[in-house]
There are 2 protein chains.
Amino acid sequence: MNYEYIKAKISLAGLKATHQRIVIYDTLLALGHHPTAEEIYARIKPANPSISLGTVYKTLEAFVTGLLIRRVLTADGLMRYDARTDAHSHIYCVNTQEIVDFNDPELHQWIEDYFRHKNIRNIKIREISVQISAEKIDPAERIVVE
Amino acid sequence: MNYEYIKAKISLAGLKATHQRIVIYDTLLALGHHPTAEEIYARIKPANPSISLGTVYKTLEAFVTGLLIRRVLTADGLMRYDARTDAHSHIYCVNTQEIVDFNDPELHQWIEDYFRHKNIRNIKIREISVQISAEKIDPAERIVVE
DNA sequence: ATGCGTGCAAATCTTTTGCAGAGTC
DNA sequence: GACTCTGCAAAAGATTTGCACGCAT
């Protein structure tokens with residue numbers, strides 16, 4: 001995803017496509033995990049020394065409001081963000097604390113169908129995601145789902 | 001769940017069963033949602049004026065370490081706790097912000113089996129839970145799953 | 001009696017806010 | 001040019017910490 005594409009995406013959300021915002025969005029995409037405002041700031045700062053942490057916080061919340069990104073569910077008490085906005089699932093590693101995305105359309109479809117046949121009253125389901133809590137066998141290796 | 005039972009549970013976790021801890025655990029059980037330390041403190045304070053907020057924070061973390069309770073996944077950046085320690089699923093209501101527990105052994109079993117047949121490398125699955133994001137149709141009514 | 005737990009207050013960390021100036025459309 | 005966004009610094013909010021005393025075992 002390049003500079004112009006990101007710029008267009010931000011504009012489409014009704015936000016001004018400033019350099020800071022483009023860099024923040026780009027960084028969120030580039031980082032494989034689900035960073036906090038601080039983590040994005042640290043990553044951006046060297047190449048953009050004048051950027052302020054407050055701007056990163058404000059920008060991320062503006063993106064959430066504009067439906068460009070999402071907040072991520074965490075148990076660490078920090079606000080974390082994800083550039084993916086489609087429903088997808090997560091694997092939480094209990095030893096390394098990593099959160100790895102994974103997508104399994106077959107599984108999601110099955111669960112959706114399952115709930116369609118259940119008797120759930122008073123709510124309209126928007127989306128379903130699966131959280132797997134797991135232990136890494138070899139902490140040096142990557143987690144692979146296929 | 002009564003005073004003596006809770007006392008025994010806390011002792012079994014290797015912690016001293018003080019009055020404060022018993023009251024905190026009891027309150028966490030009594031509250032239907034997933035409270036923060038502040039919320040528990042506010043609820044406890046009237047009947048226990050000398051209790052301190054710091055103690056509530058410390059106690060909750062001690063309970064987490066002792067596997068008596070769990071931290072809950074949230075997107076609000078606050079640390080929330082749950083007295084349930086078994087794997088269960090959540091329905092998150094996008095308009096009222098409620099988080100409702102629900103348990104569906106059949107669904108959980110099916111998902112577990114599904115993953116047993118998948119090729120997931122380098123992790124050992126500990127537990128699986130499903131997060132449903134939903135909209136309440138009648139905000140005055142309760143959410144029912146059966 | 002011993003050591004863990006409590007209460008208090010200060011410290012720390014995270015996130016929000018107000019405002020003047022800068023940049024986008 | 002109008003209005004939004006940025007950067008800075010201060011404020012607010014959430015959580016942790018240190019320590020002297022108290023209480024459970």
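What's counted below: heavy atoms across the whole structure, side chains too, no hydrogens, waters or symmetry copies. Protein chains get the first letters and strands the later ones, always in sequence-line order, with residue 1 at the start of each.
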Please confirm whether the shortest side-chain N or O distance from [X] to OP1 or OP2 of [N] is below 4.0 Å.
| X | N | value |
| --- | --- | --- |
| A:Tyr57 | C:dT15 | yes |
| B:Gln20 | C:dG7 | yes |
| B:Ser52 | C:dT6 | no |

### Message
Categorize B:Thr18 for me: base, sugar-phosphate, or nothing, with a 4.0 angstrom heavy-atom threshold over every strand shown.
### Response
sugar-phosphate
### Query
Going 5' to 3' along DNA chain D, which nucleotides are the first and last within contact of chain A (any atom under 4.0 Å from a heavy atom)?
D:dC3 to D:dC8
### Message
Checking contacts here: which listed nucleotide (C:dT24, C:dT14, C:dG7) is nearest the side-chain heavy atoms of A:Leu78?
### Response
C:dT14
### Message
Under the side-chain contact (heavy atoms from CB on, under 4.5 Å) test against A:Tyr81, which residue among A:Leu31, A:Thr36, A:Leu28 passes?
### Response
A:Leu28
### Task
Check the surroundings of atom CZ in A:Arg126: do more than 12 heavy atoms from other residues, nucleotides or ligands lie under 6.0 Å from it?
no
### Query
Is B:Arg84 atom CZ crowded by more than 12 heavy atoms from other residues, nucleotides or ligands, each under 6.0 Å away?
yes
### Query
Under 4.0 Å between a Lys/Arg side-chain N and an Asp/Glu carboxylate O for B:Glu61 and B:Arg70?
no
### Message
Test side chain to side chain contact (heavy atoms under 4.5 Å, CB included) on B:Tyr41 and B:Tyr57; report intermediate values, then the result.
### Response
CA-CA 9 Å; B:Tyr41 176 69; B:Tyr57 273 103; over 6 Å; no
### Task
Return the 5'-most residue of the pair B:His19, B:Ala37 with respect to DNA chain D, ranking by each residue's nearest nucleotide.
B:Ala37
